[in-house]
Amino acid sequence: MERKPVPYRAPDEEGLVKLSRPKTKAAGLASVVKAGKVVSKSLGWTRGAKTMFSLNQKGGVDCPGCAWPDPDDERSKLGEYCENGAKAIAEEATKKSIGAGFFQKNSIQDLSMLSDYQLSQLGRLREPLVLPAHSNNYQSISWEDAFAIIGHQLKELSDPNQAVFYTSGRTSNEAAFLYQLLARQYGTNNLPDCSNMCHESSGVALAETLGIGKGSVSLEDFNETDLILIMGQNPGTNHPRMLTALEKAKSRDATIITANPIPEAGLLGFRNPQKIKGLLGATTSLTDLYVPLNINSDLALLKAIMHLMHMEDQKKPGKVFDMNFIKSRTEGFDDFLDSLKAQNFAQLCRTCGLEEELVIQVAKEIMAAKKMIVCWAMGLTQHRNAVETIKEIVNLLLVKGSIGKPGAGSCPVRGHSNVQGDRTMGIWEQPPEWFLSNLSQTFNFQPPREIGFNTIEAIKAMHRGYAKVFIAMGGNFHSATPDTDFTSEALQKCELTVQISTKLNRSHLVTGKTALILPCLARTDKDYQDSGLQQVSVENSMGIVHATRGVLDPISPHLKSEPAIVAGMAKATLGNDNRWDQWVADYDAIRDLIQQVVPGFEQYNQRLADPSGFYLPNVAREGTFLKGKAHFTVTSVPHHPKNSDEYIMMTIRSHDQFNTTIYGLDDRYRGIKKGRRVLMMNEGDMRKAELHPQDKVNIHSTYDGKTRSVYNFKVIPYPIPLGNVAGYFPETNPLVPVDLVAEKSHTPVSKSIKVTVSKVQG
Ligand SMILES: Nc1nc2c(c(=O)[nH]1)N[C@H]1C(S)=C(S)[C@@H](COP(=O)(O)OP(=O)(O)OC[C@H]3O[C@@H](n4cnc5c(=O)[nH]c(N)nc54)[C@H](O)[C@@H]3O)O[C@H]1N2
Ligand SMILES: Nc1nc2c(c(=O)[nH]1)N[C@H]1C(S)=C(S)[C@@H](COP(=O)(O)OP(=O)(O)OC[C@H]3O[C@@H](n4cnc5c(=O)[nH]c(N)nc54)[C@H](O)[C@@H]3O)O[C@H]1N2
Ligand code: SF4
Ligand SMILES: [Mo]
């Protein structure tokens, strides 16, 4: 018997979307009401209250949502979380669950007919499951047998590099450390992660210029800064409590400038739901200057600003550029300045699609500020030239001497709640030599030195039939990666795909010949091991490591913790080494190992007792940089030549999703409800293309002679610059070619895809 074909893509959507005007402020009572509703509906009152009162409180559960840090000092009694934190909890701690009986009734083909939203509504995965070769239905399997299948398949491979160990960013430090140890003891550095698709460009750019691939600011810096420039980020939805930090900065008269092709509600105005005043409707207007630039023209904007700064500096030498800082702490300024002088201001403004007057105002504000912070996220990292754009941010911080001092610095705002910690723990396909040699000393083995596969290389290696075993520590590799059809083919060529997961997603349906689902405890679940109740630790976006403890009884007795699952796989693969059991029996033992390998974790267990956690060392924050000097970079302005019927498309998140997990069908702040298959388009472009609101279109991208399409999207008028369009991730991922990646970081270019649109007749 052959397995029946499984559709690669989520099904189409019926009916019209409901449209209203985009909002101009975020949060407030509506978000509190929404938070309360989703939590009580999903968890019930007792489970709900237990979790929400401990969420982000000292000694409680760290929110499994984004990586925004908790305040060091006071925490709000009204609840230290946001609407989307509540949704993340409702999603994870739901009372609903599915087990083998459910899968007996529903084949993988049946389940593929459900939308991503419907899939995640099914509830938590309750027991280990196997999809045997040729079979169409998952069935129950014991943990022992599941580990044996993994061990057997891994031992069968002729080269350890034929296995891929993927990680998403929710995994704790403890689980991540053991997981990379397993991969390296097995013999491969094939440790791609979601970071490859996320802030990798930031990591590369910051490491090369400042000596550390992480941001330099702490929350305290927001209280001291004069100006915050926010580029390519939608914090109202994706990092909602950042708005509280911005509100605080604003109350001290800091200036906020936002560069974004669309006017995101959260950045324009904010009602703080943690304050009674905000609940009652008092709004802080956050953004002072809104810069509606073309997609991927940020580098041109930064150059235009610095060009004006240079002209002013010539009039008032030493008053604009911080020459003391530049001379003593940096390298490469002369070359940078030469290239800046060669720029044409008017041309740069045209590239951005901006009025010169607006850019002049922005430059004036930046010149007036003594200390500035630049924040950014996916709007900058997912372009071909992303690394250069971020290096241009560094150039701006350096000319202002705005780094390595209070109130100033770089703030790449991280996505997943522990994506930064996972990298610190060695989840990286190209680990530095010092890390490997520390591993070697601590565990007495020779780790592989060959660079492993990143996410894109892993997809291609599976597609060409080389990589045969794919293991995912969380995430939804199938839907989060680009080129959905190509990636589906790649996964289906594997002998074995293993998903360590909490909830069902499309990666469980589009699988290798044999597939395993290993259900794990989540952040909110109590984790008991031989020595008792465990805590784990995570690192937030600002490099603070702290503990998190689950508070809920797990939904099923058949779940295992992520560290225990890694240990099970390791013993089945590497031989019956009892040390894995000892490490899992008491996670303190894992942390003792981490402190031997990773600098900055000295006295890890003792310091974790401080409920606020501890800061990791950071050469950019300390201003010591790479060998004492920060580096200027000469970059070039990217261009997007296109025909009159072509648009540049960005793929973005709605207010009702966490990456590929769809919480609902409403994008409340953008005024788009009851549907996700939409194309946001400028009204002028719609007129030109003779398109009307809710018209159905197919969207096409053509690269290297191949056309990729998505079908039956509804056009909606949106305040976005002419020639730019937007659609949601992951529905638009089939349009992103696997080979279209950022230079140096290999991050898929999911924010600047050239597309055409064709109207669906009838
Ligand atoms: N609720 C919720 N929270 C999340 C997530 C989630 O899905 N849901 N995901 C988490 C993860 S993993 C991440 S990485 C972060 C993502 O957080 P964001 O980066 O805020 O997420 P995106 O929706 O991808 O939004 C990118 C923003 O950049 C803008 N943009 C796009 N292209 C450009 C450009 O060329 N230039 C400029 N200046 N702006 C541009 C878009 O209009 C949008 O406002 O959020 C994390 N937090
Ligand atoms: N077109 C386009 N593509 C993108 C992006 C984009 O902006 N545009 N953004 C990219 C970015 S920034 C990222 S980070 C990636 C995200 O890529 P991933 O991290 O791979 O995807 P997620 O959707 O976050 O993964 C969700 C799944 O994780 C599992 N999960 C949840 N919690 C846990 C847990 O505690 N433990 C375990 N083991 N599993 C858990 C659940 O089964 C859930 O279905 O997508 C990238 N893809
Ligand atoms: S800002 Fe992020 S970490 Fe904080 S409560 Fe909201 S989703 Fe959770
Ligand atoms: Mo991300």
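Remember, it's 1-based here, ligands and their atoms both numbered in the order they're listed.
Checked against a 3.5 angstrom limit, the closest N/O atoms of N476 and ligand 2 fall inside it. Between V736 and ligand 2, no N or O atom pair is found at a separation short of 3.5 Å. For I500, a nitrogen or oxygen atom sits less than 3.5 Å from a nitrogen or oxygen atom of ligand 2, counting backbone and side chain alike. Taking only nitrogen or oxygen atoms, main chain and side chain alike, R170 reaches within less than 3.5 Å of ligand 2.
Here the protein heavy atom with the shortest distance to atom 39 (N) of ligand 2 is G474 CA, 3.3 Å. Distance from atom 44 (O) of ligand 2 to its nearest protein heavy atom, with residue and atom name: N505 ND2, 2.7 Å. The nearest protein atom to atom 4 (C) of ligand 2, hydrogens excluded, is given as F729 CE1, 3.3 Å; this is a heavy-atom distance. Of the protein's non-hydrogen atoms, the one nearest atom 34 (C) of ligand 2 is T502 CG2, 3.6 Å. With respect to atom 42 (O) of ligand 2, the closest heavy atom belonging to the protein is K503 O, 2.8 Å. Distance from atom 23 (O) of ligand 2 to its nearest protein heavy atom, with residue and atom name: T660 OG1, 2.5 Å. Of the protein's non-hydrogen atoms, N733 OD1, 2.8 Å is the one closest to atom 1 (N) of ligand 2. Nearest to atom 18 (P) of ligand 2 among the protein's heavy atoms is Y166 OH, 3.5 Å.
Note: I753 CD1 to R708 CZ = 10.5 Å, rounded to the nearest 0.5 Å.
Heavy-atom separations between H199 and ligand 2 are all 4.0 Å or longer. Using 4.0 Å as the threshold, R653 has a heavy atom nearer than that to some atom of ligand 2. Residue contacts with ligand 3 include P240, since one of its heavy atoms falls under 4.0 Å from the ligand.
The shortest non-hydrogen separation linking I98 to L122 is CG2-O, 3.7 Å. Shortest non-hydrogen contact noted between Y703 and P737 is CD1-CG, 3.4 Å. The heavy-atom pair separating G123 from T94 by the smallest distance is CA-CG2, 4.2 Å.
The only option from E539, R523, R170 that meets the side-chain hydrogen bond (donor to acceptor under 3.5 Å, both in side chains) definition with S417 turns out to be R523.
In the model, Y663 has no side-chain atom that pairs as donor or acceptor with a side-chain atom of E91 under 3.5 Å. Side-chain contact annotation: W376 with S202, donor-acceptor N/O pair under 3.5 Å present.
Between R549 and D527, no side-chain nitrogen of the basic residue sits less than 4.0 Å from a carboxylate oxygen of the acidic one, so the salt-bridge criterion is not met. The pair R670-E264 counts as a salt bridge, with a side-chain nitrogen and a carboxylate oxygen less than 4.0 angstrom apart.
Residue contacts with ligand 2, taken as heavy atom pairs separated by less than 4.0 Å, involve C520 solely via side-chain atoms from C-beta onward.
Between atom 38 (N) of ligand 2 and the options E562, H416, M473, the minimum heavy-atom separation is to E562. Around atom 8 (Fe) of ligand 3, the closest heavy atom drawn from S417, C63, G85 belongs to C63. Taking each of E92, R523, Q382, M378 in turn, the one with a heavy atom nearest to atom 5 (C) of ligand 2 proves to be Q382. The heavy atom nearest to atom 27 (C) of ligand 2, considering only G475, G415, P734, C198, is found in G475.
Using a 4.0 Å cut-off to heavy atoms of C82, the atoms of ligand 3 that qualify are 1 (S), 5 (S), 6 (Fe), 7 (S). In the vicinity of S501, heavy-atom distances shorter than 4.0 Å reach the ligand 2 atoms 39 (N), 42 (O).
Under the 6.0 Å distance and 45° angle rule, R676 does not count as a cation-pi partner of Y117.
Ring planes of Y138 and F103: perpendicular class, angle over 60° (limits at 30 and 60°). Using cut-offs of 30° and 60° for the angle between ring planes, the F470 and F477 rings count as tilted. The aromatic rings of F658 and H416 sit tilted, their planes meeting at an angle between 30° and 60°.
At least one N/O/S atom of C66, whether from backbone or side chain, sits less than 2.8 Å from atom 2 (Fe) of ligand 3.
K751 contributes no side-chain N or O that, together with a main-chain N or O of L380, makes up a donor-acceptor pair within less than 3.5 Å.
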